[in-house]
Trainee: 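The structure follows.
Throughout, a chain's letter reflects where its sequence line sits, starting with A, and its residues are numbered from 1.
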Protein chains: 2
Amino acid sequence: MKGIRRLAQQLDISIGTVSRALNGKPDVNEQTRARVLEAAAAMGYVPNQAGRSLREGSTKAIGFTIESGADTAGNGDNFFLGVIDGVQTAFSRHNLDLVVLPCSTEEDPSQYLRRMVARGMVDGMIISATHRRDARIELLANARLPFVALGRSGTPGPHPWIDLDFEGVVNLGIDRLVAKGHRRIAVGLPSNDINLGFVFFDGYKAALARHGIPYDPTLVIRAGSSEQGGYQIAHELLMLPERPTAVILIYEMMAIGLYRRLNEAGVRPGRDIAVIGFREGPQSRFLSPPLTCFRLSLRDLGVALGESLLASMPAYADIYPQGLVRRIWPLQLVPGESDDFTIPR
Amino acid sequence: MKGIRRLAQQLDISIGTVSRALNGKPDVNEQTRARVLEAAAAMGYVPNQAGRSLREGSTKAIGFTIESGADTAGNGDNFFLGVIDGVQTAFSRHNLDLVVLPCSTEEDPSQYLRRMVARGMVDGMIISATHRRDARIELLANARLPFVALGRSGTPGPHPWIDLDFEGVVNLGIDRLVAKGHRRIAVGLPSNDINLGFVFFDGYKAALARHGIPYDPTLVIRAGSSEQGGYQIAHELLMLPERPTAVILIYEMMAIGLYRRLNEAGVRPGRDIAVIGFREGPQSRFLSPPLTCFRLSLRDLGVALGESLLASMPAYADIYPQGLVRRIWPLQLVPGESDDFTIPR
DNA sequence: TAGGACTTCGTAAACGTTTCGGAGAAAAAT
DNA sequence: ATTTTTCTCCGAAACGTTTACGAAGTCCTA
């Protein structure tokens with residue numbers, strides 16, 4: 001005899017009453033409810049999830065898919081761990097648990113997601129690293145599973161997302177560089193088709209146009225989202241006939257490799273060339289010179305992500321009545337010394 | 001009508017036969033099996049996990065708990081993402097899926113683990129960041145849930161683990177430094193009670209003793225497992241009346257902050273002081289000077305971790321008959337230039 | 001005192017799956 | 001021709017939970 005049945009037998013009550021007592025249903029004597037709760041705590045009873053979700057049709061868990069593999073971790077350091085922490089606090093208020101579903105490098109993300117959805121292990125899903133045209137979004141929409149994307153996408157159809165304010169960042173960054181006299185501003189982008197690369201690129205071109213600076217394709221370098229990528233970016237920039245005076249990077253880890261290559265060439269970041277990174281990482285301020293970059297609270301972002309998922313789940317519609325949420329997440333400039341280089345007029 | 005019932009009705013077969021056909025049981029006509037498989041694929045049928053695990057008493061999933069929160073992540077994202085990728089490939093051969101269970105910074109890891117185990121969502125568990133005395137180990141042992149720890153622990157009772165070869169690393173590192181004439185060798189350790197800190201410390205003392213170097217407690221600096229921690233370590237070392245000529249760090253990220261503080265003081269890493277880091281990170285070789293550190297394949301480590309868990313699961317005892325696995329994972333020296341500094345005799 | 005409203009609880013069905021014990025038929029053995 | 005074996009399949013039970021429904025009991029009202 002196990003589970004609720006054992007509890008009921010021990011208390012000499014029917015299992016139905018025990019269940020109602022535990023779940024806070026009204027039609028149960030408060031005295032017996034107290035007895036049940038006490039006995040449950042005493043014997044360490046916890047409801048079996050399989051039984052419950054079979055009956056309920058819902059598990060109290062939300063999935064968060066990321067791509068595993070150390071080298072594919074475009075965001076580096078602790079991006080996901082920070083966001084996840086926020087997501088969790090958003091969910092814990094509703095007794096929802098978070099499970100992270102890492103898609104192996106060996107598997108197609110869509111296939112993986114399909115399997116996980118079919119598994120029926122989660123009531124909702126958060127996907128990250130959205131691509132230009134992301135099959136996962138169509139998949140989730142078809143499966144009618146509530147979801148929210150960390151990162152917008154060009155995939156047609158309405159779906160909720162939260163994305164970082166790439167336009168704002170690149171605008172502010174280029175404004176700042178132009179104010180210091182820069183006109184030849186390079187940009188380091190990811191080489192894969194992750195959507196943020198396109199958004200950043202569009203913002204870059206728009207910002208240049210706004211300042212009347214002609215767009216020069218040779219100043220756009222695409223490379224891996226890693227230190228190695230930054231190294232390569234610097235390498236290619238150094239080989240240009242007319243070297244840029246400033247560079248703006250989409251991943252802060254790129255700065256490490258970029259610094260390295262520049263130093264090798266005797267070009268001092270912050271003095272001979274201005275460098276602006278994107279997201280502030282734990283290392284930004286410990287680089288020499290400290291990297292000028294943009295700050296956001298990963299935890300707050302995670303909370304917002306969790307809440308926007310809740311808003312798109314019918315069961316929580318009364319608590320979060322916003323419906324379909326789309327949100328641009330702001331970042332704050334963190335001035336370093338890497339963009340101190342000023343062009344004399 | 002849903003699930004297997006619908007499939008059975010459509011094929012005009014009993015649900016039992018459908019189930020047996022799908023699960024490869026012997027007593028089903030190969031012709032009808034083919035029909036079932038085809039129909040299942042056609043209508044995109046996937047077995048409901050709740051129903052299955054309710055009946056089976058087992059879900060086909062393994063849990064991997066880590067601590068979320070950007071600041072608590074001593075190893076950073078790439079470490080776990082790399083290991084997880086390996087774990088996954090080990091499991092995928094047996095159609096097991098991996099779910100990562102991130103323990104929020106707000107919650108006690110033991111309580112969290114208890115909840116997750118009680119949830120009955122996983123058949124086995126991998127825990128990481130083991131502490132000196134880890135309540136989670138006793139918890140899992142009591143719950144009789146198969147598990148393996150990434151990191152040994154002082155917790156009594158036999159349990160399987162895999163841990164990095166800290167002794168080997170610190171031995172090799174100190175041998176190397178001593179061969180270059182160093183006698184005042186500092187060590188940067190984590191400030192929390194994570195077990196690897198103790199193991200590393202013991203190895204440090206043993207290695208010094210082996211070389212007849214007296215142990216000087218002032219050369220042992222404990223700090224946060226981050227860039228900031230490295231900065232602090234350098235800061236404290238610089239304030240010592242007699243400065244060490246070498247320092248060995250337990251986290252490679254510490255090197256970034258350490259470099260920074262040393263540079264601020266005009267002390268050049270690799271020329272005025274020798275620095276050895278522990279695990280090679282993506283940035284090690286892009287630092288100036290490149291960090292001397294130790295390499296391991298995260299993916300292989302993950303595979304080993306997965307297989308040792310399988311070995312402790314009764315259901316897979318025939319495939320992995322090794323039983324309780326305890327393993328020290330070797331690392332390879334990656335020479336950089338950060339320990340080029342040699343003491344003239 | 002009869003009847004209604006309310007409270008409290010037990011019974012049983014349902015969720016989707018796997019598996020056990022047989023049943024019927026065909027094939028093989030006697 | 002009868003028994004035995006083999007091959008397929010069906011029916012039913014079971015996993016642990018929640019909940020709709022109804023039954024008893026109590027209290028109040030007419």
Trainee: Among residues 22-45 of chain B, which contact DNA chain D at a heavy-atom distance under 4.0 Å?
Mentor: B:D27, B:V28, B:N29, B:T32
Trainee: Enumerate donor-acceptor pairs with a distance under 3.5 Å from any side-chain N or O in residues 50-57 of chain B to protein atoms, sequence neighbours excluded.
Mentor:
from, atom 1, to, atom 2, distance (Å)
B:S53, OG, B:Q49, O, 2.9
B:S53, OG, B:A50, O, 3.4

Trainee: Is there a donor and acceptor pair closer than 3.5 Å between the side chain of A:R52 and the base of D:dT17?
Mentor: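 No such pair is found, so the answer is no.
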Trainee: Kindly write out the residues that satisfy salt bridge (charged side-chain N to carboxylate O under 4.0 Å, His left out) with A:D163, not counting sequence neighbours, or none if the list is empty.
Mentor: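 Here the qualifying residues are A:R152.
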Trainee: Atom CZ of residue position A:R6 - does it have more than 12 heavy atoms of other residues, nucleotides or ligands inside 6.0 Å?
Mentor: no
Trainee: Could you give all pairs that pass the ring-ring contact (aromatic ring centres under 6.0 Å, His included) test and reach residues 108-141 of chain B, with sequence neighbours left out?
Mentor: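 Those involving residues 108-141 of chain B do not exist here.
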Trainee: Hey, can you pull the residues of residues 8-20 of chain B with a non-hydrogen atom under 4.0 angstrom from DNA chain C?
Mentor: B:I15, B:G16, B:S19, B:R20
Trainee: Is B:D85 salt-bridged to B:R299, cutoff N-O under 4.0 Å?
Mentor: yes
Trainee: Please list, for nucleotides 25-27 of chain D, all pairs of protein and nucleotide N/O atoms separated by less than 3.5 Å.
Mentor:
none

Trainee: Quick one: list whatever passes side-chain contact (heavy atoms from CB on, under 4.5 Å) with A:R20, sequence neighbours left out.
Mentor: A:T17, A:K25, A:D27
Trainee: Tell me which pairs pass salt bridge (Lys or Arg N to Asp or Glu O under 4.0 Å) where either residue lies in residues 137-147 of chain B, with sequence neighbours left out.
Mentor: B:R133-B:E138
Trainee: Quick one: side chains of residues 86-94 of chain B, donor-acceptor pairs under 3.5 Å with protein atoms, not counting sequence neighbours, listed by atom name and distance.
Mentor:
from, atom 1, to, atom 2, distance (Å)
B:Q88, OE1, A:S68, OG, 3.4
B:Q88, OE1, A:S104, N, 3.4
B:Q88, NE2, A:P102, O, 2.2
B:T89, OG1, B:G86, O, 2.8
B:S92, OG, B:Q88, O, 3.4
B:S92, OG, B:T89, O, 3.1
B:R93, NH1, B:E307, OE2, 3.2
B:H94, NE2, B:Y320, OH, 3.0

Trainee: Who are the side-chain contact (heavy atoms from CB on, under 4.5 Å) partners of B:L22, not counting sequence neighbours?
Mentor: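 B:L22 satisfies side-chain contact (heavy atoms from CB on, under 4.5 Å) with B:L7, B:V18, B:V36, B:L37, B:A40, B:Y45 only.
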Trainee: Is the shortest side-chain heavy-atom distance between B:V100 and B:F80 below 4.5 Å?
Mentor: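 A side-chain contact is absent here, since even the closest heavy-atom pair is not under 4.5 Å.
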Trainee: Does the side chain of A:T130 reach to within under 4.5 Å of the side chain of A:I127, using non-hydrogen atoms?
Mentor: yes
Trainee: Excluding sequence neighbours, so at least two apart, what forms side-chain contact (heavy atoms from CB on, under 4.5 Å) with A:L164?
Mentor: A:F166, A:F278, A:L296, A:L301, A:W329, A:L331
Trainee: Taking any atom under 4.0 angstrom from a heavy atom of chain B, which nucleotides of DNA chain C are the first and last to qualify, 5' to 3'?
Mentor: C:dG16 to C:dT19
